[in-house]
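Step one of this worksheet: look at the structure below.
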2 protein chains.
Amino acid sequence: MPNTKAGQTVQSVERALAILKTFSNGEPELSVSQISSRLKMPKSTVSRLLATLQAHGFVVQDAETGRFRLGAELIALVHSAIAGLQVHHVARPHLRQLANTLGETVSLSVLDGHDAVNLEQFVPTQRLVMRVGWVGRRMPAHAVSVGKVLLAFLPSEELDQLLDQQMEPLTPNTITNPTTLRRELHRIRQQGYATAFEEFEEGLHAISAPIHDHTGRVIAAISVSGPAYRLTRERIADIIPTVLETAQRISWEMGYMVEETNR
Amino acid sequence: MPNTKAGQTVQSVERALAILKTFSNGEPELSVSQISSRLKMPKSTVSRLLATLQAHGFVVQDAETGRFRLGAELIALVHSAIAGLQVHHVARPHLRQLANTLGETVSLSVLDGHDAVNLEQFVPTQRLVMRVGWVGRRMPAHAVSVGKVLLAFLPSEELDQLLDQQMEPLTPNTITNPTTLRRELHRIRQQGYATAFEEFEEGLHAISAPIHDHTGRVIAAISVSGPAYRLTRERIADIIPTVLETAQRISWEMGYMVEETNR
DNA sequence: AACATCGTTTCACAATATGGAACGAGAGGC
DNA sequence: GCCTCTCGTTCCATATTGTGAAACGATGTT
C-alpha cells in the first residue's frame with residue numbers, strides 16, 4: 001500500500017458534488033434557489049457551479065423553466081462505468097462485511113462449464129476476517145449451493161447441455177438424479193436462494209444467492225458456508241434475509257434495476 | 001427566459017469533471033500518473049481532486065494497486081436520474097435537430113389505449129423549426145406509422161386485447177384486416193421501423209422508429225411525416241438510417257443498453 | 001403598475017486552490 | 001541486501017481563483 005492518505009479535499013469540487021447528490025433525493029428537477037437554501041450556499045455560488053456542471057453536460061437547464069436536471073453525460077459516464085465493472089471488485093467490501101457480521105466463510109463464485117469457481121473468499125479467523133482462501137478453487141456445480149444457484153438461473157438451452165452428463169455423488173446427500181435436480185433448481189428459482197446440507201462434504205452446510213448484472217442476467221453468486229454443528233438448518237433459516245440483502249445490494253451496484261419507474 | 005447566460009465556470013470543478021470523463025475512454029482503471037499526463041495537470045492536483053471525488057464515493061481506490069475506478073455513488077446517482085427521466089425531455093433536442101436536417105415534421109408519441117398520442121412535435125417553417133403543433137393530438141394507432149410501431153412492440157397479451165376491436169378505414173390504404181395488420185406488425189418488429197403511405201390521410205407519408213427505456217421496453221416512438229410529393233417513397237428509404245440513429249440515440253440516453261459487456 | 005422571485009452577473013477581497021519539490025512506500029534489478 | 005525507479009500523498013509559499021453581498025434584468029403575480 002502506498003501512503004496513508006488523510007483527506008485533503010477541494011472545497012468547490014465538494015460543493016459541486018453535493019449539488020449533484022441533491023438530485024438523488026426524489027425530486028429530479030431543482031431550481032438554483034432550492035439548492036441554495038437546501039445546501040446553505042449563496043445563490044451566486046450555486047449558479048456558477050451549475051454553469052460549470054452544465055458546460056460538461058452533467059446537468060441540463062430546462063429552457064423555459066430555468067430549472068436544472070441531471071444530464072446525459074452522467075448517463076454516458078455510467079454506461080462505461082458499468083461496462084468496466086468487475087463483479088469481484090464491487091462485491092469485495094460487501095463480502096467482507098457479511099463475513100464479519102456472520103462469522104462464517106463467505107465466497108463469490110461464477111459458473112465455468114460444470115464447475116463453480118471461487119473468485120473471492122473471506123474466512124473469519126479468531127478476531128479478524130482474512131481475505132485469501134481457496135480462490136480459483138473448482139467445485140462440481142450440482143453438489144454445492146452456489147453451483148445450484150448458478151445452474152438454476154441459466155438459460156434453459158445451456159442448462160440442457162450441462163445436465164446430460166453424469167453427476168458424481170460426493171456424499172450420500174449429493175443430488176445425482178437429473179429429474180430431482182431439475183425440481184430442486186425450479187424451487188431455487190422460485191425462492192431466490194439455494195441451500196446445501198452436506199451435499200458436497202460431510203458436515204458442511206451452505207446457503208447461496210444470485211448476483212445479477214445490469215441486463216438482469218445472473219453472472220455470479222455469493223455463499224455462506226460453515227460446519228453443520230455451527231451453521232445449523234435453523235441458523236441458516238435465520239440468516240436468509242441477510243444473505244439475500246447483501247446479494248441484492250451487490251446486484252444494485254452492478255447496475256441491476258428492479259423497479260419500473262418510467263412514464 | 002431568464003438572463004442570457006455567458007459561461008462563468010469554476011476551474012477546479014471543471015478539472016474534476018474532466019478526470020471523471022477520462023474513465024469513459026475504454027480503460028476503467030486509471031492511476032494518478034496516467035491521468036496527470038493525459039490531462040496535463042500536476043500529479044498533486046490530480047491526487048487532491050481524486051481524494052475529493054473519493055470522499056463522495058464518485059471514485060474508489062483499489063486498496064492494493066492504488067489505482068482508481070468509478071464509484072458506486074455515481075451509479076446511485078444515475079439510478080435516480082434515470083428514474084426521473086422524462087422521454088420528451090430527453091428526446092426534445094434530438095427531435096429538433098432531426099427536423100432541422102430533414103426539413104420535415106418530426107414528432108414523439110406514446111400509446112394510450114387504441115390511440116397514438118403526440119407528446120412533442122417540431123414543424124419546420126421557412127427558415128426555423130417551430131416547436132408547438134398538435135401536441136396532445138390523438139390518432140388511431142392502426143392507421144399511423146408511430147401507432148404501428150408502438151403496437152408492434154407491445155406484449156402479445158396486450159396486443160390481443162386491442163386487436164379484437166373494429167378498425168376504421170380512414171383512406172383506401174388503411175389496414176383494417178386484423179390478419180394483415182398482424183403480418184405488418186411482425187414485419188415492423190423484424191426491420192425495426194414502420195412506414196405508412198397515405199394510410200391516415202390522403203397525400204401523407206410517414207416513417208417511425210421505436211424508443212426503448214432502460215428496461216428494454218418500447219415506451220414511445222418518433223416519426224417523420226410529410227406530404228407525399230416531397231416525402232416520396234424513395235426519400236423515405238434514404239432517411240431510414242437517420243431516423244433509426246436518432247431513435248437509438250434517444251434510447252441510449254434513456255439508459256437502454258444494447259451490448260453485453262460484463263465478465 | 002408595483003412587487004416578488006427567478007437566475008445571472010459584477011467586483012473587491014482574501015480565502016482557497018495550485019504545483020514544484022520533498023516524502024514514504026513498494027516493486028524490480030543487480 | 002542495496003540501489004533505483006515509480007508510485008501516490010503531503011508540504012508550503014504564492015497568487016491565482018473562488019467567493020458572496022449586492023446589483024441586474026427578465027418573468028410572472030398581485
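The figures here come from the full heavy-atom set of this structure, side chains too, leaving out hydrogens, waters and symmetry mates. Order of the sequence lines sets the chain letters (A, B, ...), proteins ahead of strands, with each chain counted from 1.
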Test item: [X] side-chain N/O and [Y] main-chain N/O as donor-acceptor pair under 3.5 Å:
| X | Y | result |
| --- | --- | --- |
| B/S208 | B/I222 | yes |
| B/D62 | B/G66 | no |
| A/N100 | A/G103 | no |

Under-3.5 Å N/O pairs linking protein and nucleotides 3-5 of chain D:
none

Please test A/L30 against A/F68 for side chain to side chain contact (heavy atoms under 4.5 Å, CB included), starting from the C-alpha separation and ending with a verdict.
-> CA-CA 5 Å; A/L30 290 171; A/F68 289 83; 5.7 Å; no
Round to the nearest Å and state the distance from [X] atom [atom1] to [N] atom [atom2].
| X | N | atom1 | atom2 | answer |
| --- | --- | --- | --- | --- |
| B/I35 | D/dT9 | CD1 | C1' | 14 Å |
| B/L50 | D/dT10 | CG | P | 13 Å |
| A/R67 | C/dT8 | CZ | C1' | 18 Å |
| B/D62 | D/dC7 | CG | P | 16 Å |
| A/L53 | C/dG7 | CG | P | 15 Å |
| A/Q34 | C/dT5 | CD | C1' | 13 Å |
| A/L39 | D/dG20 | CG | P | 13 Å |
| A/K43 | D/dA22 | NZ | C1' | 10 Å |

Side-chain atoms of B/S33 come closest, of D/dT9, C/dT8, D/dG8, to D/dG8
Is a salt bridge present between B/E253 and B/R249, judged by a nitrogen-to-oxygen distance below 4.0 Å?
-> no
With sequence neighbours excluded, what pairs up with B/R15 under the salt bridge (Lys or Arg N to Asp or Glu O under 4.0 Å) test?
->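 Per chain and number, B/R15 pairs via salt bridge (Lys or Arg N to Asp or Glu O under 4.0 Å) with no residue.
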Nucleic acid footprint by protein, nucleotides 14-19 of chain C - heavy-atom cut-off 4.0 Å, B for base, S for sugar-phosphate alone = --SSBB
For residues B/R38 and B/T22, determine if any side-chain heavy atom of one lies less than 4.5 Å from a side-chain heavy atom of the other.
->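 The answer is yes; the side chains approach within 4.5 Å.
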Test item: A/N118 and A/L108 side chains (from C-beta on) under 4.5 Å apart, heavy atoms | no
Gap separating the CD atom of A/E14 from the CG atom of B/L53, nearest 0.5 angstrom | 10.0 Å
Does atom CD of A/Q34 have more than 12 heavy-atom neighbours, drawn from other residues, nucleotides or ligands, at distances under 6.0 Å?
->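 Check passes, neighbour count above 12.
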Apply ring-ring contact (aromatic ring centres under 6.0 Å, His included) to B/H56 and list each qualifying residue two or more places apart in sequence or on a separate chain.
-> none
Side chain to side chain contact (heavy atoms under 4.5 Å, CB included) between A/R69 and B/H89, intermediate numbers included | CA-CA 10 Å; A/R69 283 175 286 115; B/H89 275 152; 3.5 Å; yes
Quick one: bend of the helix from C/dA1-D/dT30 to C/dA14-D/dT17 from 5 pairs per end, to 10°?
->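 Inter-axis angle at the termini of the helix from C/dA1-D/dT30 to C/dA14-D/dT17: 0°.
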OP1, OP2 of D/dT9 versus side-chain N and O of B/Q61: anything below 4.0 Å?
->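 Yes, within the criterion.
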Give a yes/no on whether any side-chain N or O of B/S47 is located under 4.0 angstrom from OP1 or OP2 of D/dT9.
->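 So the side-chain polar atoms of B/S47 do come within 4.0 Å of the phosphate oxygens OP1 or OP2 of D/dT9, strictly under.
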For B/T105 and B/S225, test the side chains for any donor-to-acceptor distance below 3.5 angstrom and give the result as yes or no.
-> no
Quick one: do the B/Q248 and B/H212 side chains pair a donor with an acceptor below 3.5 Å?
->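 Result is no, nothing qualifies.
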Under 3.5 Å, N/O pairs linking protein and nucleotides 27-29 of chain C:
none

